[in-house]
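Below is one structure, written out as structure tokens, with a few remarks after it.
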Amino acid sequence: MGSRKQRRAPRERAVPDWDGPAPASPAADIVTEAVDALVTGRGGGGVDLAAALLADTEDPARARAAEEALTAALRDAAGSVWARGWQPAEAVRRLDRLLGPAAAAVGAHAAAADLERHSPATVDPAWTAQVRALETVADPLEHLGRAHGLLRFEAVELVLRTLAALRALPPLQRLMDVPGSHRPGRVRPSRARTEVDRGKLARVRALLAKAESTEFPEEAEALSARAQELMARHSIDRALLEADEEESSEAGYARRVPVDAPYDDSKAVLLHEVAEANHCRAVWHRELETCTVMGFPDDVDAVDLLFTSLLVQAEAAMRAGSSVRDRSGRRAGRDFRSSFMSAFAVRVGERLAEAARSVRDAAQAEAGRDLVPLFAAREREVEKAVEQAFGELTYSRMRGPYSEDGWNAGRAAADAASLGSRRPVTGR
């Protein structure tokens, strides 16, 4: 038989590098073309040439035009990112993860520059608070030179790469009004966060801070119990109040919570356990290192507070445990820490479920009615909201523990941890 020629797939043509802008091009065009080249993978020497032209200070007028073009591009990029669902703090955090702290500073400047062009009355106060909490700078090029030791050329190139990174951010679910679209009074008075709500949250935070810092387990447990009592009482009151209202549900309230590496899979499991115990659901966006927690507003607050506190406690216990040598005499390494975090998450979930069962009867007696149907209905509302927001979700399995010592230490740390955000009241 004659040989049969094998057909080969045609080779993909390499995208040619951008040659760079014409020297006389307007600064705004140079910025746009350079960012386009970076986003499409055609950087190379053309981007270097663009950065050199924009960094040139020989002609003061062109230097000012370059700075204005970069500032305008950052401001516009921020607006585009907000339209895709991102919030200032998480966009800056993502830039830090992708390009480092210098790019994060540029992103903070972009968020502040965008905020300045909107009337305060049209910006959600929570959005303004996020921007104000960032370490913003007035002149990003000057800041990059002074604080990060970059030459002007290097600073301009970093700004261009930051613009490209912002453009490449994928769309997310919008959780807040973007600047310019907020209208005061949209929240119904009965559901609006009151001074009483904020005061109770402040007291819970203070109790958790003390529980995390004390060296005495008995004191931590007492502080935890008081915080649990406050949050449980407040959650019951809110649920009973809203059960008598016929207006639209707030079960779709959501917040994105950072879940950073290392051991991000175990941390995501921990957040899932805390969310489930508090009538919420957590959806993990692995590639973005974040989880969306969805539920009723006060329940989401409780999840955020408790998860943050448990991470602090877990990391402190893991550092202490890692200094101990294993059975072979070696200092505990990555397998120990990974197994520790996995066991901590699993055991915390077990403890939260146990707490829910023990608290349920007491909470029902205090409320004077059967709370099982009430919370079961609320959880169904949350499930419906999650399905509407995300559609069909997939589930992934965690790998098993590699270190028995780490697993045992993690469970022991979970047993000692303060579950001080609240006592979950559950209908399950």
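Residue numbers start at 1 and run along the sequence shown.
Take Arg347 and apply the side chain to side chain donor-acceptor pair (under 3.5 Å) test, not counting sequence neighbours, and it matches Glu350, Glu354, Asp415. Under the side-chain contact (heavy atoms from CB on, under 4.5 Å) criterion, Ala61 pairs with Asp59, Arg64, sequence neighbours left out. Taking the side-chain contact (heavy atoms from CB on, under 4.5 Å) definition, one finds that Ala343 meets it with Trp407, Arg411, sequence neighbours left out.
Here SG of Cys280 is found 4.5 Å from CG of Asp299. Values are rounded to the nearest 0.5 Å. Here the CG atom belonging to Leu160 is positioned 6.0 Å from the CG atom belonging to Leu70, to the nearest 0.5 angstrom. The distance from the NE2 atom of His118 to the CH2 atom of Trp127 is 9.0 Å, given to the nearest 0.5 Å. One distance of note links CG of Asn278 with CD of Glu379; it measures 10.0 Å at 0.5 Å rounding. Between atom CD of residue Glu68 and atom CZ of residue Arg75 there is a gap of 10.0 Å, rounded to the nearest 0.5 Å. If you take CZ on Phe344 and OG on Ser339, they are separated by 15.0 Å, rounding to the nearest 0.5 Å.
Contact check for Pro88 versus Leu134: side-chain heavy atoms found under the 4.5 Å cut-off. Within the 4.5 Å cutoff, no side-chain heavy atoms of Trp284 are placed close to those of His272.
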Requested in this report: Mind running side chain to side chain contact (heavy atoms under 4.5 Å, CB included) on Leu288 and Leu172 for me, showing each step along the way?
Outcome: CA-CA 10 Å; Leu288 299 178; Leu172 294 175; 3.4 Å; yes
Query raised in the report: Given the rule in the side chain to side chain contact (heavy atoms under 4.5 Å, CB included) test, do Val346 and Glu273 qualify, once you have shown the distances and angles that lead to the verdict?
Result: CA-CA 8 Å; Val346 171; Glu273 297 288 356; 5.7 Å; no
Query raised in the report: Can Leu393 and Val386 be said to form a side chain to side chain contact (heavy atoms under 4.5 Å, CB included), step by step?
Result: CA-CA 9 Å; Leu393 298 173; Val386 171; 4.0 Å; yes
Report task. Starting from the C-alpha separation in whole Å, work towards a yes-or-no answer on side chain to side chain contact (heavy atoms under 4.5 Å, CB included) for Val259 and Thr290. Result -> CA-CA 5 Å; Val259 180; Thr290 189; 5.8 Å; no
**Report entry** CA sep, side-chain torsions, deciding dist, call: Asp114, Trp82, side chain to side chain donor-acceptor pair (under 3.5 Å)
**Finding:** CA-CA 10 Å; Asp114 174 75; Trp82 310 155; 2.9 Å; yes
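The backbone N or O of Ala126 lies less than 3.5 Å from a partner atom in the side chain of Asp124, making a donor-acceptor pair. No side-chain donor-acceptor contact under 3.5 Å links Gln388 to the backbone of Ala385. In terms of modelled atom types and a separation under 3.5 Å, the side chain of Lys267 and the main chain of Pro262 share a donor-acceptor contact. A distance-only check finds a donor-acceptor pair linking the side chain of Thr122 to the backbone of Ser119 [under 3.5 Å]. Under the 3.5 Å distance criterion, the side-chain polar atoms of Asp304 are left unmatched by any main-chain donor or acceptor of Val300. Not a single donor-acceptor pair under 3.5 Å links the side chain of Thr292 to the backbone N or O of Arg256. A side-chain donor-acceptor contact under 3.5 Å links Trp86 to the backbone of Pro170. Between the side chain of Arg255 and the backbone N or O of Met294 there is no donor-acceptor pair closer than 3.5 Å. With hydrogens and angles disregarded, no donor-acceptor distance shorter than 3.5 Å links the side chain of Ser181 to the backbone of Asp177. In terms of modelled atom types and a separation under 3.5 Å, the side chain of Ser309 and the main chain of Leu305 share no donor-acceptor contact.
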Under 3.5 Å donor-acceptor pairs involving side-chain atoms of residues 16-23, not counting sequence neighbours:
none

Could you tabulate the donor-acceptor pairs under 3.5 Å formed by side-chain atoms of residues 143-150, not counting sequence neighbours?
from, atom 1, to, atom 2, distance (Å)
Arg146, NE, Glu142, OE2, 3.0

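Across all non-hydrogen atoms, the minimal contact from Val92 to Gly107 is CG2-C, 3.8 Å. Between Ala51 and Phe153 the shortest heavy-atom distance is CB-CE1, 3.4 Å. Of all non-hydrogen atoms in Leu38 and Ala164, the two that sit nearest each other are CB-CB, 3.7 Å. Between Phe340 and Ala314, the shortest heavy-atom distance links the atoms CE2-O, 3.5 Å. Of all heavy-atom pairs spanning Leu54 and Ala66, the tightest one is O-CB, 3.3 Å. Shortest non-hydrogen contact noted between Thr136 and Ala112 is CG2-CB, 3.7 Å.
Between Ser80 and Arg84, the side chains place a donor N or O and an acceptor N or O closer than 3.5 Å (distance only, hydrogens not considered).
In this structure, His285 and Phe390 have tilted ring planes: the angle between them lies in the 30° to 60° band.
Using a 4.0 Å cut-off between charged nitrogen and carboxylate oxygen, Glu67 and Arg152 count as a salt-bridge pair. Contact check on Asp260 versus Arg93 returns a salt bridge, with a Lys/Arg side-chain nitrogen under 4.0 Å from an Asp/Glu carboxylate oxygen. Remark: Arg62 does not engage Asp56 in a salt bridge, criterion side-chain N to carboxylate O under 4.0 Å. Salt bridge absent: Glu90 and Arg94 never bring a charged side-chain N and a carboxylate O closer than 4.0 Å.
Under a cut-off of 6.0 angstrom, the local environment of CD in Gln173 is crowded, with over 12 non-hydrogen atoms contributed by other residues, nucleotides or ligands. Heavy-atom contacts from other residues, nucleotides or ligands closer than 6.0 Å to CZ of Arg117 number more than 12.
A cation-pi geometry, defined here as NZ or CZ lying under 6.0 Å from the six-membered ring centre and within 45° of its normal, does not hold between Arg337 and Tyr263.
Within the structure, every pair that satisfies the salt bridge (charged side-chain N to carboxylate O under 4.0 Å, His left out) test and touches residues 25-48, not counting sequence neighbours, is listed here: Asp36-Arg167.
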